[in-house]
K.L.:
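Here it is: the structure, laid out below.
In each ligand, atom 1 is the first atom listed, and ligand 1 is the first ligand listed. Nothing here was measured: the structure is a model prediction, and the numbers come from that model.
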Amino acid sequence: MSKDTDKQSLSNKMWGGRFSASPADIMEEINASIGFDKRLATQDIRGSKAHADMLAAAGIITKEDAKRIVAGLDQILGEVEAGVMKWSRALEDVHMNVESRLKDNIGAPAGRLHTARSRNDQVATDFKLWVRDRIDAMDMALGVLQLSLARKAEAHAATVMPGFTHLQPAQPVTFGHHLLAYVEMIGRDRGRFADARARLNECPLGAAALAGTSFPIDRHATAAALDFDRPTANSLDSVSDRDFALETLAAASIAAMHLSRFAEEIVIWMTPQFGFITLSDKFTTGSSIMPQKRNPDAAELSRAKVGRIAGAFQSLLMVMKGLPLAYSKDMQEDKEVTFDALDSFGLAVAAMSGMVEDLEPRADVMRAAAGRGYSTATDLADWLVRELKLPFRDAHHVTGRVVSLAEGRGVELEALSLADLKTIEPRFRADALDVLSVDNSVKSRTSHGGTAPQNVRKMARGWVRKLEKAAERV
Ligand code: ARG
């Protein structure tokens, strides 16, 4: 937007009563938020319509004026949606741009809209409405990701892969079980968003600048019209609170951290060294110099987004730290970081959902890897405990010697014979060899939450059913 055409002739036309000169150029530049808060236009208009209706119902403005205000606001909404609304930097922010445009459209009654309200309660309301919409959208997107994971988990309830600790082969697990771990994490993420939403859902509108108002407003009516549970209880808190944005960013940071872990696993699994999965051309890119390359860029970028999101949380936390009550202009810095963080989050979730649907495990490679690294040693130790009643510590020691024997020969445990085992513990029987297979290993993990395919199938089915039902409801 060009500054010259925007610049008001003298002082700001919305609040310039006692100002005689224009702001310094740099003042306008640092002060104006229209460049980014125009994103709140829909919410701003929604809030203003509710406010105008309430003012009329309470007899503070006439019904006729309210009607013209609401119609004028609807017209602006149309202009915003059509992308033809002209934003002026000299008018600072979305609130004053909308009000000024309303004046162009309907004339004098526009000046009555700001009765019993301030930009302080207005921006708090707009921003809450925006964050609330985003929470709902993020929740839905996370539900889609969970469903993709749960469906893939059901299909691969018995697909064996190595389970790792310290990124060293630990015990075999199933691919379905691994995916369901993320379904659980995302379930907690959705819970955190839901908690934030529940606390957010009080309406600041009507707190006015900071002290409330002398007009007989009905804050319960505006709260209800904007789908809030109730009005906020303290006017000072109403205009100075940004907890709702912080909580949402905190929840998004944790959720993005989860996405980054999964994205990292996709990156690792995609390496030729692991080769656990394939991703199609849809989510990979080539190299401009190395013809053989297939790079998991979408996973890498999803992994990276947590930096911006957690950074936004820190940024807003530091903006709010030490601010005295009530509103300070510092708080205008709440928006850009929140917009950017939640946009980034939405992108990362969508990319992850796409990748989950796209990726195919290479069952043969995973199975072979699952059997390497003596991954069933614990099963052998458990056999000694169960069948020979050895204390676990002794069983651990005996099994350690078995592993050492295999290691010395350069073979896996499954390659050892009963005779080999007997050289270490003469009471070994043939059935001890059975527990060394990766399939029998996972099958035996039937404890609650364990990786046995029957458990995984049941859990995955339960999730799919629940998530499909929830998706039907929207
Ligand atoms: N643009 C401002 C913001 O985003 C709106 C509130 C301005 N309030 C004020 N008293 N100057 O925070």
K.L.:
Is a donor on one side and an acceptor on the other found under 3.5 Å between the side chain of K128 and the backbone of L200?
P.N.:
yes

K.L.:
When you look at D93 and Q332, which way does the side-chain hydrogen bond (donor to acceptor under 3.5 Å, both in side chains) test go after all the steps?
P.N.:
CA-CA 10 Å; D93 57 24; Q332 181 167 285; over 6 Å; no

K.L.:
Side chain of S287, backbone of I289: donor and acceptor closer than 3.5 Å?
P.N.:
yes

K.L.:
How about R112: does its CZ atom have over 12 heavy atoms from other parts shown lying under 6.0 Å from it?
P.N.:
no

K.L.:
In this structure, are over 12 heavy atoms from other groups packed under 6.0 Å from R461 atom CZ?
P.N.:
yes

K.L.:
Have a look at E265 and tell me which of Y182, F276, F164 forms a side-chain contact (heavy atoms from CB on, under 4.5 Å) with it.
P.N.:
Y182

K.L.:
Which N/O atoms of ligand 1 sit under 3.5 Å from a protein N/O, and at what distances?
P.N.:
from: ligand 1; atom 1: 1 (N); to: S33; atom 2: OG; distance (Å): 3.1
from: ligand 1; atom 1: 1 (N); to: D93; atom 2: OD2; distance (Å): 3.0
from: ligand 1; atom 1: 1 (N); to: Q332; atom 2: OE1; distance (Å): 2.8
from: ligand 1; atom 1: 4 (O); to: K335; atom 2: NZ; distance (Å): 2.7
from: ligand 1; atom 1: 8 (N); to: N120; atom 2: OD1; distance (Å): 2.9
from: ligand 1; atom 1: 10 (N); to: N120; atom 2: OD1; distance (Å): 3.0
from: ligand 1; atom 1: 11 (N); to: R119; atom 2: NH2; distance (Å): 3.4
from: ligand 1; atom 1: 12 (O); to: Y327; atom 2: OH; distance (Å): 2.4

